[in-house]
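Side chains are part of it too, since the values below use all heavy atoms of this structure and drop only hydrogens, waters and symmetry mates. The chains referred to below are lettered A, B, ... by the order of the sequence lines, with proteins before strands, and numbering in each begins at 1.
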Protein chains: 2
Amino acid sequence: MLGTMMNSPLTLSALLHRAGRVFPGTSIVSRLADGSLHRYSYREFYLRALALAQGLQRIGMARGDRVASLMWNHYAHLEAYFGVPASGAVLHTLNLRLHADELAFIVNHAQDRFLIVDEILLPLYEKIRDQVRIERVFVVQHSDHALPSGYESYESLLAGNHIPLDAPQVDENEAAAMAYTSGTTGRPKGVVYSHRALALHAFSIALPDNFDISRNDVILPAMSMFHANAWGLPHAAIMTGASLVFPGMHLQPESLLELLQDERVTLTGGVPTIWLAVLRCMAQHPGRWCLQPGMRVLIAGSAAPESLFRSFDELGIEVIQPWGLTETTPMATICKLKPHMKDWPADRKYEMRAKQGLPSPFIELRVMGEKGELPWDGESAGEVQVRGPWVAASYFNMPEVTEPWTDDGWLKTGDAAHIDAEGYLKITDREKDLIKSGGEWISSIDLENALVAHAGVREAAVIAVEHPKWQERPLALVVIADADQPSPEELRAWLAKKFAKWQLPDEFVFVSELPHTSTGKLLKKELRKIYKDWYLTPPKT
Amino acid sequence: MLGTMMNSPLTLSALLHRAGRVFPGTSIVSRLADGSLHRYSYREFYLRALALAQGLQRIGMARGDRVASLMWNHYAHLEAYFGVPASGAVLHTLNLRLHADELAFIVNHAQDRFLIVDEILLPLYEKIRDQVRIERVFVVQHSDHALPSGYESYESLLAGNHIPLDAPQVDENEAAAMAYTSGTTGRPKGVVYSHRALALHAFSIALPDNFDISRNDVILPAMSMFHANAWGLPHAAIMTGASLVFPGMHLQPESLLELLQDERVTLTGGVPTIWLAVLRCMAQHPGRWCLQPGMRVLIAGSAAPESLFRSFDELGIEVIQPWGLTETTPMATICKLKPHMKDWPADRKYEMRAKQGLPSPFIELRVMGEKGELPWDGESAGEVQVRGPWVAASYFNMPEVTEPWTDDGWLKTGDAAHIDAEGYLKITDREKDLIKSGGEWISSIDLENALVAHAGVREAAVIAVEHPKWQERPLALVVIADADQPSPEELRAWLAKKFAKWQLPDEFVFVSELPHTSTGKLLKKELRKIYKDWYLTPPKT
């Protein structure tokens, strides 16, 4: 027996139309490349997002086509977030930090037809231009420079679109956005977000127990809009009518602090690296900035060190730690205390707050040991697996990649964790072979494979070592093939052919052998333990 | 192109399982019929709701079968709210205030197979017992009385169900609950709520801009659980882990105030009649009760008079006015100020807060005049129509009733309203022929039809007049058929055969004629204007 309810799909268009009509006066501020501020209202955003949707239809975009973005965080990227899906197309956000070869692979794999790109990022696009088949490129320009040949202005795409949008009635399970994630190894994999997943995720993160997002908020997304839907903040803002402040490419602490102060930001978020720098900057200039009391700072991308909680607490700023993956849209759990925990001693509360938190409504967690599901006892650790309506069930056009899912349909996260009797998830170790530097993934296996491809290397292990600024940096441990030890400079140049500069190991340590399990696998856990404090007190090698 | 997300349905079972595991210690308090308090935890609630689901499966309940409830607000009703849908069945909440004939019609029309009933309401069930085909009746008992023959105890239905629930994988569009609503005329009509509608509605009302429901809340639902899902509060509580306090049958102001104070309630709600009585009681006993500062009171069912906002404000209590219908699950709009309105003068803010508010995410509103949609100018009034994923598209098993929907699929609410440029809905008049007394609907047309069926009545108009306690009461204006004027007592007795006592007109006014439109329709608007203040200063007749 079915309900007698209307079949109204959960689409981003529905959120866009409501925002334009119900919150016309809400403001959106963006820092442009030249440092100046661009301001407009939800009403203008709404009309321009619709004009973008119409422009895409006018140039022949077909339902489900991919439109790529190569942009920093600003109003035009927000227009793409909503205008591209409103046209029936899929916004593919490109990670501007990737190596050109990887970027080209992603653009080709996603079959991106059109690109919207920041003028300042054109040199990056130029690097891949010959390797990809983008039909038309639209440039978001804030200078008077003439566009190089072969490019059109983003404004020309929007201009003259005053006819009512021929809005497609999309099903909520259709794709609205996509992003590629680096797996443990091999090629990047595309996660395709449905309208439904983004809408439900917005509902979830806006809940009072999660990020508590309302029309009273002023939100500054300091995470990248090319990463996992900017944690869903743009969607939750448009759903609730919150004001938005975009930092553009200016993620230096002074620039962020100025925006946080001047725009009276109440909610912001980003990777720990950003906030460690902000704290250092505030400590260097005591009293220079005055932030909103009770401002919330979401810290994710890497686990937030407890010191971050304590330092922000002293400033009257609340740090909230969520957890998730590109594959989970991304927020799966969020850590806030339960009412009865508020009277706990400070240390116990910090310990609790540094956990990854409770599963959001409709998100299921389980921790799997070798013999099946482990009890929620706060001790039994195994791989955490996740299931829910905003969790990926496969990768785009890679039916052969099935390893990340269990036979009964749960996503294997590759993180080791336990869950306590109150339902709080705690990541205890990383099972997957990845390094997270400043919020960006680096595949240690890919680096190792590239290293052993060098004639002078017999075996290599690349491990994460703790770093005061980047949380983790890759360290390469190398066993040489013969007496002719290659120089570190040579190995760096070798890897630089394939990897972005920030992905290269900081140092190369030459060792006589590497530890292995009885089955011959590298004992990385052991190595991580030995070299953990490399940047504080390098061990004798 | 589809997203690559998991197909995880939005079901009440998912909320139930999460609540049982993530919020095991949260408390649920219920006032029993004898006035004592029953307390248990979410964990116990969870296990008992599962035991109920298993019990229903054990006695042969098939997928989609209707299980009726005839209960006040308490823990067992909450168990039914979740346990019945968890079993794959549909909870049909019966309105215990209806006339027995109407109740019997509803039970038969819904084809209810089983009934869960409060011991104290057995006399009401006895009145319809012979007219309905309920297979088994389970009694929620808190006394030592032996059950009359033909009845079983609710506890026996739950007992011994320790095997794991054979939980059906329901689709989110399947029915979870149903309730009947009085239309303008004719028989009550069934609205069938899908799992999806209830889940999305819970997300929506929990948002910070709506009721702002979190695990820090203690919620006392003082609206009936047999009306429109108790405004979704039970679902939002189980979604967020909020504590619950149920008043049982004790809706007298002293009893409510004691619970509000002792259980430190932070969020409550009910019809204006309840809160007018509470305010009177507090004024009579100044200083006797100490409520939580900042407690929110949801007032709906009838429009809340501005005086209610002012009086509660003086007590540091926030009144929030939502609006909706049984057909909208029920919350469609909720009235809270936008940030820029907070500096407005007090009178302007009260005027704003007394509006019905902004449409929730995914709820669309429009106001239709004779020539189509009217502008959002805060003046142009017409019928408000609504559309969205928790809005009914039809009535249960009444395919012939299509009048409440437009050809393009919007629900016609029968309320006249305008919407201002900020998106705030304001109900200006009632287009449908109904009287709302103490939050319950009375059909004036049904009363009129019954009156003219009396030999002594030529024509009759039943209109709503304002009442200090019940907001509205029915007043009958009667044109007699001949010189023999029937007595008011005679007409009351005549109507009492078919209507519940509280539905009968308070008074019968005999008039020589009634005003009509040029097409012969009764000019009720005119009559309502003349008799509006009947209870304050009765006009000369």
Results of side chain to side chain contact (heavy atoms under 4.5 Å, CB included) for [X] - residues two or more places apart only:
X: B:R21; result: A:E373, A:W376
X: B:T26; result: B:F23, B:Y42, B:S243
X: A:D407; result: none

Under 4.5 Å from any heavy atom of chain B - which part of [X]:
X: A:P359; value: both
X: A:E172; value: side chain
X: A:V218; value: neither

Heavy-atom cut-off 4.5 Å, strictly under: side chain, backbone, both or neither for [X] against chain A?
X: B:L365; result: neither
X: B:K336; result: both
X: B:L337; result: backbone

Quick one: does [X]'s side chain have a donor or acceptor within less than 3.5 Å of a partner on [Y]'s backbone?
X: B:Y424; Y: A:V22; result: no
X: A:R387; Y: A:R366; result: no
X: A:R66; Y: A:A110; result: yes
X: A:R215; Y: B:P339; result: no

Could you have a look at [options] and say which one has the most heavy-atom pairs with chain B under 4.5 angstrom?
options: A:S204, A:G88, A:P208, A:A177; value: A:P208
options: A:N173, A:V391, A:L411; value: A:V391
options: A:S394, A:A14, A:A421, A:G423; value: A:S394
options: A:T329, A:T11, A:V90, A:D171; value: A:T11
options: A:P361, A:A393, A:P389; value: A:P361

Below 30° counts as parallel, above 60° as perpendicular, anything between as tilted: where do the rings of [X] and [Y] land?
X: B:H92; Y: B:Y180; answer: tilted
X: A:W390; Y: A:H201; answer: perpendicular
X: B:F396; Y: B:H109; answer: perpendicular

Which one, [options], leads in non-hydrogen pairs under 4.5 Å with chain A?
options: B:A176, B:P24, B:A392; answer: B:A392
options: B:L358, B:T328, B:V170; answer: B:L358
options: B:N210, B:I363, B:D212; answer: B:D212
options: B:I419, B:T240, B:D420; answer: B:T240
options: B:G64, B:A19, B:S214; answer: B:S214
options: B:M178, B:R18, B:K338; answer: B:R18

Derivation of the side chain to side chain contact (heavy atoms under 4.5 Å, CB included) call for A:H235 and A:N229: CA-CA 8 Å; A:H235 309 93; A:N229 309 302; 3.8 Å; yes
Shortest non-hydrogen separation from B:P399 to B:T402 and the atoms involved: O-CG2, 3.5 Å
Does atom CD of B:Q169 have more than 12 heavy-atom neighbours from other groups under 6.0 Å away? no
Contacts with chain A made by residues 190-197 of chain B (heavy-atom distance under 4.5 Å), listed by residue number: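 Interface residues of residues 190-197 of chain B: B:V191, B:V192, B:Y193, B:S194, B:R196, B:A197.
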After noting the C-alpha distance and the side-chain angles of B:K189 and B:E327, does the key distance pass the salt bridge (Lys or Arg N to Asp or Glu O under 4.0 Å) rule? CA-CA 10 Å; B:K189 292 153 191 74; B:E327 288 87 342; over 6 Å; no
